[in-house]
S.K.: 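Here it is, the structure in full.
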Amino acid sequence: MTQPVPTITLVRGDITDQHVDVIVNAANSTLLGGGGVDGAIHRRGGPAVLADCRKLRASHYGGGLPTGRAVVTTAGDLHAQYVVHTVGPVHQPQLTGEADRAQTELLASCYRESLRLAGELGARSIAFPAISTGVYRWPLSDGARSAVRTVREAAREPLFDIRFVLFDDAALGHFEQALAAAP
Ligand code: AR6
């Protein structure tokens with residue numbers, strides 16, 4: 001039997017409204033919640049999400065989850081089975097050369113690690129926000145290109161439904177451009 005090819009779709013809206021196996025959170029290294037996507041996920045997911053985050057802190061990440069890494073918790077009351085929490089890099093416009101490339105690589109790592117964990121969980125569908133493009137100030141044009149390129153390269157079965165959920169028209173437009181560009 002032929003396996004379905006992963007498709008990437010763009011959705012304008014709130015990521016916490018998605019019905020998928022995995023919702024990805026743009027978290028911070030404390031794993032204790034914050035604003036933006038993180039705040040929305042904890043609000044809608046409820047206390048079970050925070051309880052799992054606290055357990056992960058106690059067992060492995062007392063010093064914080066490193067940038068570019070990802071961990072899994074329950075999705076609590078969200079319409080999903082799991083939340084994958086990943087920590088994007090803060091954009092630092094003063095960086096150049098190798099240091100700039102290292103930051104970009106950390107952003108790509110967020111998407112790769114999230115896909116890897118989702119694959120290990122047997123997830124078939126996943127919803128990503130535009131990691132780092134809010135509070136962490138990553139420019140949307142570059143953030144969208146990096147997200148689409150990395151997900152195209154790293155998507156594997158059993159994932160076949162990969163969504164980017166964009167909060168506003170500007171973000172949606174940047175992702176449409178990135179998706180339309182040649183791979
Ligand atoms: N659904 C989809 N996208 C959203 C939503 C939502 N409910 N809310 C915001 N966005 P951000 P970051 C968009 O700031 O830049 C938190 O405080 C938003 O417009 O959520 O990675 C964490 O605790 C932007 O395009 O994440 C960290 O401290 C994108 O999602 C820090 O922010 C990401 O914005 C992480 O910053």
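Just follow the structure's listing: the first ligand is 1, and inside any ligand the first atom is 1. Note that the numbering runs from 1 along the sequence shown for the chain.
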S.K.: Yes or no on salt bridge (Lys or Arg N to Asp or Glu O under 4.0 Å) for Arg101 and Glu105, after CA distance, side-chain angles and deciding distance?
M.R.: CA-CA 6 Å; Arg101 278 192 290 281; Glu105 168 52 29; over 6 Å; no
S.K.: Can you pull out the closest protein heavy atom to atom 29 (C) of ligand 1? Residue, atom name and distance to 0.1 Å, please.
M.R.: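 Here the closest protein heavy atom is Ala130 O, 3.3 Å.
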S.K.: Specify the protein heavy atom at minimum distance from atom 20 (O) of ligand 1: its residue, its atom name, and the distance to 0.1 Å.
M.R.: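 Protein heavy atom with the smallest distance to atom 20 (O) of ligand 1: Val37 N, 2.8 Å.
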S.K.: Note the single closest protein heavy atom to atom 25 (O) of ligand 1, along with its residue, its atom name and the distance in Å.
M.R.: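 Going by distance alone, atom 25 (O) of ligand 1 is nearest to Thr133 OG1, 2.7 Å.
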S.K.: Can you name the residues that form a side chain to side chain donor-acceptor pair (under 3.5 Å) with Arg137, not counting sequence neighbours?
M.R.: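 Per chain and number, Arg137 pairs via side chain to side chain donor-acceptor pair (under 3.5 Å) with no residue.
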S.K.: Determine whether the side chains of Ser132 and His91 contain a donor N or O and an acceptor N or O closer than 3.5 Å.
M.R.: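 Looking only at side-chain atoms, His91 and Ser132 do not form any donor-acceptor pair under 3.5 Å.
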S.K.: Return the closest protein heavy atom for atom 14 (O) of ligand 1 as residue, atom name and distance.
M.R.: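 I find the closest protein heavy atom is Val135 N, 2.8 Å.
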S.K.: Please determine if Gly134 has a nitrogen or oxygen closer than 3.5 Å to a nitrogen or oxygen of ligand 1.
M.R.: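 In this structure, Gly134 places an N or O atom under 3.5 Å from an N or O of ligand 1.
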S.K.: With heavy-atom distances below 4.0 Å as the criterion, list the atoms of ligand 1 near Asp38.
M.R.: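 Contacts of ligand 1 toward Asp38, numbered from 1: 22 (C), 23 (O).
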S.K.: Which of the atoms of ligand 1 are close to Ala40, meaning less than 4.0 Å from one of its heavy atoms?
M.R.: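 Taking each heavy atom of Ala40 in turn, ligand 1 has 7 (N) under 4.0 Å.
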S.K.: Run the side chain to side chain contact (heavy atoms under 4.5 Å, CB included) check on Leu115 and Val151 step by step: do they pass?
M.R.: CA-CA 8 Å; Leu115 287 171; Val151 167; 4.2 Å; yes
S.K.: If you measure from the Lys or Arg side-chain nitrogens to the Asp or Glu carboxylate oxygens, is any gap between Arg12 and Glu176 under 4.0 Å?
M.R.: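 Looking at Arg12 and Glu176, the cut-off is not met.
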S.K.: Between Tyr136 and ligand 1, does any nitrogen or oxygen pair lie at a separation below 3.5 Å?
M.R.: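 N/O-N/O distance below 3.5 Å exists for this pair.
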S.K.: Would you call the rings of His79 and His19 parallel, tilted or perpendicular, taking 30° and 60° as the class edges?
M.R.: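 Aromatic pair His79/His19 classed parallel.
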S.K.: For atom 1 (N) of ligand 1, grab the closest protein heavy atom and report residue, atom and distance to one decimal in Å.
M.R.: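 Here the closest protein heavy atom is Ile15 N, 2.9 Å.
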S.K.: Under 4.0 Å from any heavy atom of Gly34, which atoms of ligand 1 are there?
M.R.: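 The list of qualifying atoms is 17 (O), 23 (O).
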S.K.: Applying the side chain to side chain contact (heavy atoms under 4.5 Å, CB included) criterion to Val24, which one of Phe164, Tyr111, Phe128 satisfies it?
M.R.: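 So, applying the side chain to side chain contact (heavy atoms under 4.5 Å, CB included) to Val24 and each of Phe164, Tyr111, Phe128, only Phe128 qualifies.
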S.K.: Distance under 4.0 Å to a non-hydrogen atom of Asp14: what atoms of ligand 1 satisfy this?
M.R.: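 Listed by number with element: 1 (N), 6 (C), 7 (N).
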S.K.: With the threshold set at 4.0 Å, does a side-chain nitrogen-carboxylate oxygen contact exist between Arg54 and Asp52?
M.R.: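 Judged by the 4.0 Å cut-off on N to carboxylate O distance, Arg54 and Asp52 do not form a salt bridge.
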S.K.: Just which atoms of ligand 1 are under 4.0 Å from any heavy atom in Gly13?
M.R.: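 In order of number, 1 (N), 2 (C).
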S.K.: Check whether any heavy atom of Ser132 sits under 4.0 Å from an atom of ligand 1.
M.R.: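 Under 4.0 Å: yes for Ser132.
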S.K.: Check the pair Ile23 / Ile41 against side chain to side chain contact (heavy atoms under 4.5 Å, CB included), numbers first and verdict last.
M.R.: CA-CA 9 Å; Ile23 291 177; Ile41 283 177; 3.7 Å; yes
S.K.: I need the nearest protein heavy-atom contact for atom 13 (C) of ligand 1: residue, atom name and distance, please.
M.R.: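 That would be Phe167 CB, 3.9 Å.
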S.K.: Are any of the N/O atoms in Asn28 less than 3.5 Å from those in ligand 1?
M.R.: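 Yes; at least one N/O pair falls below 3.5 Å.
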S.K.: Which ligand 1 atoms are under 4.0 Å away from a heavy-atom of Gly36?
M.R.: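 Going through ligand 1 atom by atom, the ones under 4.0 Å from Gly36 are 8 (N), 20 (O).
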S.K.: Who's the nearest protein heavy-atom neighbour of atom 26 (O) of ligand 1, and how far?
M.R.: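 Residue, atom and distance for the closest contact: Ala26 CB, 3.6 Å.
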S.K.: Are Trp138 and Leu179 in one and the same hydrophobic cluster, where Ile, Leu, Val, Met, Phe, Trp and Tyr link if side-chain heavy atoms are under 4.5 Å apart?
M.R.: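 Trp138 and Leu179: one cluster.
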S.K.: Same hydrophobic cluster for Leu159 and Ile131, using side-chain heavy-atom links shorter than 4.5 Å among ILVMFWY?
M.R.: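 In one cluster: yes.
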S.K.: I'd like to know if Ile162 and Leu117 are part of one continuous hydrophobic network [Ile/Leu/Val/Met/Phe/Trp/Tyr, side-chain heavy atoms within less than 4.5 Å].
M.R.: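 In one cluster: yes.
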S.K.: Tell me: protein heavy atom nearest atom 16 (C) of ligand 1, and distance?
M.R.: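 Checked against all protein heavy atoms, atom 16 (C) of ligand 1 sits closest to Gly35 O, 3.4 Å.
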S.K.: If we count only non-hydrogen protein atoms and require a distance under 4.0 Å, does atom 18 (C) of ligand 1 qualify as touching the protein?
M.R.: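 It does not: no protein heavy atom is found less than 4.0 Å away from atom 18 (C) of ligand 1.
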